[in-house]
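Data first, discussion second: the structure below is written as structure tokens.
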Amino acid sequence: MDILADLNPAQREAVEAIEGPVLILAGPGSGKTRVITHRVAYLVRVVGVNPRRIMAVTFTNKAAREMEARLNQLVSSSVKDLTLGTFHAICARILRIEGRAIDINPQYVIYDDDDQISLLKRCLQELNLDPNQYAPRSIQSAITAAKSRMLTPADYLQHSRSYFEEVVQRVYEHYQKLLTDSSALDFDDLLMKTVQLFRQNPDILERYQSRYLHIQVDEFQDTNLVQYEMMKQLAGKHRNICVVGDPDQSIYSWRSADLRNILNFEKDYPDAKVVLLEQNYRSTQKILEAASHVISTNQQRKKKKLWTENEAGSPPAVIETYTEMEEAQFVVSEIDKLVSRGEVNPGDCAVMYRTNAQSRALEEAFIRYGMPYKLVAGTRFYERREVKDIIAYLRLVQNPYDSVSLLRIINVPARGIGQRSLDELIQWARSQDVPEYRGLQLLAGYKKGDPDLPFSPRTVKTLSGFAVMMEELIANSREMSILGLFDAVVKSSGYRHYLSGLVDGDDRWENILELRGVAQEYRDFPPGEGLSAFLEAVALVSDVDDLEEKVETVTLITLHQAKGLEFPVVFIVGMEDGILPHFRSIDDPEQLEEERRLCYVGITRARKRVYLVRAFRRRFMGSSTVNQPSRFLKDIPPELLSEGASWDGEDRQLEAPATTWSHEGESTYDAPELRPGDHVSHAQFGEGIVVSCQPVKNDAEVVVAFDGAGVKRLLLSFAKLEKM
DNA sequence: CGAAAGGCTCTTTTT
DNA sequence: GAGCCTTTCG
């Protein structure tokens, strides 16, 4: 196979430019993914570079996996030796190996967003600060911003100017101490500490610099300053650094992504070769044109001329509905129409939205009409309570000093350790100047009736009971596979029994089994290693990671998550001022431009058809609001859009009346054949039992408790339920 | 101590 | 409307 075949001249240039710094500016749909994979393949197969000496940084784990899969096809030799992954994953691995040099415990755990917040709350408490006055969230984002600029608490002291910043400084300092005490790193630490490691240990840096002959960074527009710094360090020796990005698709500035990286690149590497990929292979002309009008309204941007040889195609449609329910209905019925016309498959369609909350109305409509869908990250799996609990147990086994995990599960399931016992434990541990977990171990050493018991015999007993359990798990973990350990944790903790007492216990148990399935992938690792690999993987997953490339159902996804994907048909819902652009961004011109880029990203995901949908009125935080059409709609000249902008809910509707579910009685419909207690089966949700069956207008609304999928409300005529 | 109920606040996007 | 925190009662 010729690696350079099927590439246009610009793409070929980008692949062949392997010497020195390269900046590839790639518009949407310009074959960027092809270029970066072919580039690596070219290095290995044509130039003969050892894969061990190549680093390729991707934005998500999923992108890394896809790249690996494609490389396996392009390159016969193993690409296993490549360093391939997100910045965070790569840093996590480096720190696991080299961290000791800067006093990082190799058994360190990674704190996610949630863990950060709970730790920050504890900081506020210990510093006697009112969390109502200093929202943990805003402190967190201040700390994240500081870490992205590589400011330590001491550095931050120089920078703090307002009173709020002084508070942040104090919290930051304490927060960092608690992290260290817990042998924990947060997401930002992974990056910042790696840069520190390299700065303070030139010998280690030298090793890595020498090793990586070629470095490639994707989605460069979404990197922050620490990432840039690290990249610069690593490329310091060979200078074969290739970055790929598109400033118009920069949508992560809130996560400290900094467009200056692209500008700085040309400054730091004046000899950089710049390659522009401007031919779009994805979208129709009309879609591309509409997208270009939206993005060209931005003031702060480098002009770029995208073009395509694709057909003109049908014009993007702007649709107005009355409420968010109708908006969702329109989407479902339009997809149904396109599918029944044989134009598309459901899997070709994606519905995109600005905020996760918007998925709800959509989901309801899809469920009601029995149309299967795939929601990217519902209540994100790894954020579910039961999943986090089990992970906390496992983290504690790996690193008993992880205080966030300890405090999370010491009384889950309830084992008689209330707030008072906890306070006593913490106080006492502090008085003995030992970490909480060490305190527990010491308590377990006391005998019954010992006159020196630090607190009541009952409290000592429950606390040391917990300590004994953990000690056993830790001891076992040295011989057990991760899977054995997983089961031991579930068993010893009594978690299953605990769940069985909860109303939604079965669902939660299912989640635990799913998590066990993830652990299974690490079953063959040696004891310890399996645990640590598993924990690292679950800490760094993202929601899009488990989105299969080929799906057969409609995809529901946020605009941010949609970056890098493409679909024949795209619906962008919530095209309203306040939603897109989001009201939090409207006042700030820079943030407004980012919202516009987000809209641009959404439109350019589409190959054939785009629908821009808005609702006149929508429920928002409980109350109902009236929204103006998104200002971005005005950026598109009307002649580029299709006519018939208003959807009245009549002509294109499915047979079911729009209002079916809000009424009871007034039935002209024969009593349905389903009764509570009947066993039924559904194409998507599997088997279940009918809870109730309510006649509505010309149909019936059935509530079914499914074995796996939980309780759903369905319209009889659409759900295609089969009685068993 | 723990379950349950009531009251509060805040809602963006995520490695 | 939900999640989180506090209060209350058994």
Side-chain angles (χ1 to χ4, degrees), chain A residues 57-64 85-92 110-114 116-118 121 125 130-133 135-138 140-141 144 147-148 185-191 219 222-224 226-227 250-257 352-361 376-377 379-380 382-383 385 411-422 456 458-459 462 498 501-503 536-545 557-563 574 578-586 588 591 594-595 597-599 601-602 619-625:
Chain A
V57 186
T58 57
F59 192 67
T60 62
N61 299 299
K62 176 176 173 262
T86 63
F87 268 112
H88 289 88
I90 291 172
C91 289
I110 300 170
Y111 277 1
D112 68 12
D113 211 62
D114 229 39
Q116 282 185 59
I117 295 290
S118 38
K121 282 181 183 161
Q125 209 179 6
D130 178 9
N132 293 319
Q133 207 170 346
R137 276 259 159 247
S138 52
Q140 182 209 27
S141 64
T144 293
K147 288 186 175 179
S148 306
L185 301 180
D186 64 23
F187 283 143
D188 304 306
D189 284 339
L190 292 175
L191 308 171
E219 304 288 6
D222 288 322
T223 53
N224 64 27
V226 199
Q227 292 167 331
S250 160
I251 53 177
Y252 283 93
S253 72
W254 49 274
R255 214 175 75 190
S256 311
M352 302 179 184
Y353 36 84
R354 175 68 236 265
T355 67
N356 280 302
Q358 288 170 260
S359 70
R360 159 163 285 187
V376 179
T379 343
R380 309 205 193 105
Y382 291 101
E383 283 170 25
R385 221 168 51 223
N411 199 35
V412 179
R415 43 178 75 91
I417 304 172
Q419 196 53 55
R420 251 193 82 179
S421 309
L422 258 180
S456 83
R458 210 191 85 88
T459 311
T462 49
Y498 159 69
L502 272 63
V503 264
E536 193 165 296
V538 300
L540 298 175
V541 283
S542 68
D543 299 313
V544 285
D545 286 345
I557 192 169
T558 65
L559 287 162
H560 282 89
Q561 292 169 332
K563 191 178 70 164
I579 304 286
L580 182 67
H582 193 269
F583 68 94
R584 299 271 302 228
S585 307
I586 269 175
D588 177 346
Q591 289 189 53
E594 179 149 320
E595 298 285 311
R597 292 193 290 268
L598 199 49
C599 182
V601 166
R619 283 206 160 273
F620 198 65
M621 287 190 232
S623 57
S624 178
T625 57

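Quick note on labels: first sequence line is chain A, next is B, and so on, each numbered from 1.
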Residues forming a ring-ring contact (aromatic ring centres under 6.0 Å, His included) with H88(A), sequence neighbours excluded | F187(A)
For R137(A), which residues count as a salt bridge (charged side-chain N to carboxylate O under 4.0 Å, His left out) partner, sequence neighbours excluded?
-> D113(A)
Sequence neighbours excluded, the answer for salt bridge (charged side-chain N to carboxylate O under 4.0 Å, His left out) partners of E594(A) is R597(A)
Which atoms of nucleotides 4-9 of chain C (N or O only) lie under 3.5 Å from a protein N or O atom, and what are those distances?
from, atom 1, to, atom 2, distance (Å)
dC5(C), OP1, K121(A), NZ, 2.8

Please identify each residue that fulfils ring-ring contact (aromatic ring centres under 6.0 Å, His included) with Y353(A), with sequence neighbours left out.
-> none
List in chain and number order the residues that pass side-chain contact (heavy atoms from CB on, under 4.5 Å) with S141(A), two or more places apart in sequence or in another chain; answer none if no residue qualifies.
-> none
Residues in side-chain hydrogen bond (donor to acceptor under 3.5 Å, both in side chains) with T459(A), at least two apart?
-> S456(A)
side-chain contact (heavy atoms from CB on, under 4.5 Å) involving F620(A) - partner list, sequence neighbours excluded | I579(A), F583(A), T625(A)
Sequence neighbours excluded, which residues qualify as side-chain contact (heavy atoms from CB on, under 4.5 Å) partners of Q419(A)?
-> L422(A), D423(A)
Residues that Y252(A) engages under ring-ring contact (aromatic ring centres under 6.0 Å, His included), provided they are two or more places apart | F59(A), W254(A), H560(A)
For nucleotides 8-11 of chain B, list the nitrogen or oxygen atoms of the protein found under 3.5 Å from its nitrogen or oxygen atoms, one pair per line.
from, atom 1, to, atom 2, distance (Å)
dT11(B), O5', R584(A), NH1, 3.2

Hunt down any stem DNA chain B takes part in, defined as 3 or more consecutive Watson-Crick or G-U pairs whose two distances are each under 3.5 Å.
-> B:1-10 with C:1-10
